[in-house]
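Here's the structure we're looking at; comments come further down.
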Amino acid sequence: MNLLFVSDHAGFLLRRALVCALLHAHPEWTLQEEGATHAQDRCEYPMLVIPAMQAVRTKGIVAVLICGSGLGMSMMANRFQGIRAALCHDVTTARLARAHNDANILVLGGRLMGDTLALDCLNTFLSTPFEGGRHLARIQALDAYQDRK
């Protein structure tokens, strides 16, 4: 599995906890933290999201974005064609994001959840397949839509 983790200052501690937990549980996985802040010094999340979305679109990797609430990063990520970033607060939203919406980005709020819940959300997100079927037409509509001002 190839995962890309990106966080701003408010998601720094949760990102580090998730990466450490996954490295321990899955040493064979490739975990990247490119573009993420490496300290708790204030930074601007929109600029961190841009290279991550390009990597998801061109390399097909899964990304995990973490900011204080998750709202800012999810808003920024969803501005990119083909990106379906899901802000998840529990395992149910993580499961539905994958099963019904074929989300390719998991977004978490670093100030809103603890390490254990975040890891449960991440594991659920990664292990849940897209159901397809009746959900496929909706995903195709999302991916095809472009604002025509």
Side-chain angles (χ1 to χ4, degrees), residues 1-19 21-22 30-132 134-149:
M1 171 97 29
N2 191 2
L3 295 171
L4 174 61
F5 286 83
V6 177
S7 73
D8 67 0
H9 56 284
F12 175 78
L13 293 176
L14 182 57
R15 184 189 90 230
R16 294 302 308 143
L18 292 176
V19 168
L22 288 180
T30 302
L31 306 180
Q32 302 172 44
E33 296 181 86
E34 297 171 18
T37 185
H38 295 286
Q40 290 181 278
D41 299 332
R42 186 179 180 281
C43 61
E44 300 301 327
Y45 66 82
M47 297 304 106
L48 300 174
V49 172
I50 294 169
M53 296 309 94
Q54 292 167 340
V56 170
R57 291 189 335 185
T58 61
K59 299 176 185 174
I61 61 175
V62 175
V64 179
L65 307 178
I66 308 168
C67 64
S69 67
L71 291 167
M73 282 198 170
S74 64
M75 288 177 188
M76 184 65 184
N78 281 315
R79 293 176 184 266
F80 290 81
Q81 186 82 21
I83 296 298
R84 292 175 305 280
L87 174 57
C88 297
H89 298 288
D90 53 41
V91 294
T92 300
T93 54
R95 180 179 53 79
L96 292 173
R98 287 288 306 130
H100 292 187
N101 303 112
D102 198 21
N104 50 12
I105 310 288
L106 174 64
V107 187
L108 301 171
R111 292 180 175 153
L112 302 179
M113 62 176 36
D115 299 355
T116 302
L117 177 57
L119 186 58
D120 288 346
C121 288
L122 178 55
N123 286 328
T124 299
F125 187 86
L126 295 175
S127 65
T128 303
F130 176 52
E131 290 178 2
R134 65 187 173 99
H135 306 291
L136 186 57
R138 297 173 192 152
I139 303 311
Q140 291 169 336
L142 283 172
D143 287 347
Y145 181 79
Q146 287 185 317
D147 190 8
R148 291 172 176 61
K149 296 180 183 178

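Here the side chain of N104 pairs a donor or acceptor atom with the backbone of G82 at under 3.5 angstrom. N101 contributes no side-chain N or O that, together with a main-chain N or O of A103, makes up a donor-acceptor pair within less than 3.5 Å.
Contact between S69 and L87 at its shortest, heavy atoms only, is O-CD1, 3.7 Å. Heavy-atom minimum distance, L14 versus G109: CD2-O, 4.2 Å. Heavy-atom minimum distance, V19 versus L31: O-CD1, 3.8 Å. In terms of heavy atoms, D8 sits closest to G68 at OD1-N, 4.0 Å. Nearest heavy atom pair, residue H89 against residue L117, reads O-CD2, 3.5 Å. Minimum interatomic distance between A77 and A85 (heavy atoms only, all atoms of both residues): CB-CB, 3.8 Å.
Here the CG atom belonging to D115 is positioned 12.0 Å from the CZ atom belonging to R16, to the nearest 0.5 angstrom. Summarising the geometry, atom CD1 belonging to I139 is positioned 6.0 Å from atom CG belonging to D102; distances are rounded to the nearest 0.5 Å. Note that OG of S7 is 6.0 Å distant from CE of M73, once rounded to the nearest 0.5 Å. Atom-to-atom distance recorded for M53:CE and L65:CG is 4.5 Å, nearest 0.5 angstrom. Between the SG atom in C67 and the CE atom in M75 there is a gap of 9.5 Å [rounded to 0.5 Å]. Summarising the geometry, atom CD1 belonging to I66 is positioned 8.0 Å from atom CG belonging to L106; distances are rounded to the nearest 0.5 Å.
The residue from L122, T128, T124 that alone fulfils the side chain to side chain contact (heavy atoms under 4.5 Å, CB included) condition with L126 is L122. When L142, V56, V49 are each tested for a side chain to side chain contact (heavy atoms under 4.5 Å, CB included) with I83, only one passes: V56.
Every side chain to side chain contact (heavy atoms under 4.5 Å, CB included) that I50 has, sequence neighbours left out, goes to M47, Q54, M76, F80.
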Discussion item. If you apply the rule side chain to side chain contact (heavy atoms under 4.5 Å, CB included), what do you find for L22 with N123, and how did you get there?
Written reply: CA-CA 9 Å; L22 288 180; N123 286 328; 4.1 Å; yes

Discussion item. Quick one, L18 with L108, criterion side chain to side chain contact (heavy atoms under 4.5 Å, CB included). Give me CA distance, side-chain angles, the key distance, then yes/no.
Written reply: CA-CA 11 Å; L18 292 176; L108 301 171; 3.8 Å; yes

Item to complete: Using the side chain to side chain contact (heavy atoms under 4.5 Å, CB included) rule, take V64 and F125 through it: C-alpha gap first, then chi angles, then the decisive distance, then the call.
Response: CA-CA 10 Å; V64 179; F125 187 86; over 6 Å; no

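Around CZ of R79, the count of heavy atoms belonging to other residues, nucleotides or ligands within 6.0 Å does not exceed 12.
Ring geometry, H100 versus H135: the interplanar angle falls under 30°, so the pair is classed parallel (tilted spans 30 to 60°).
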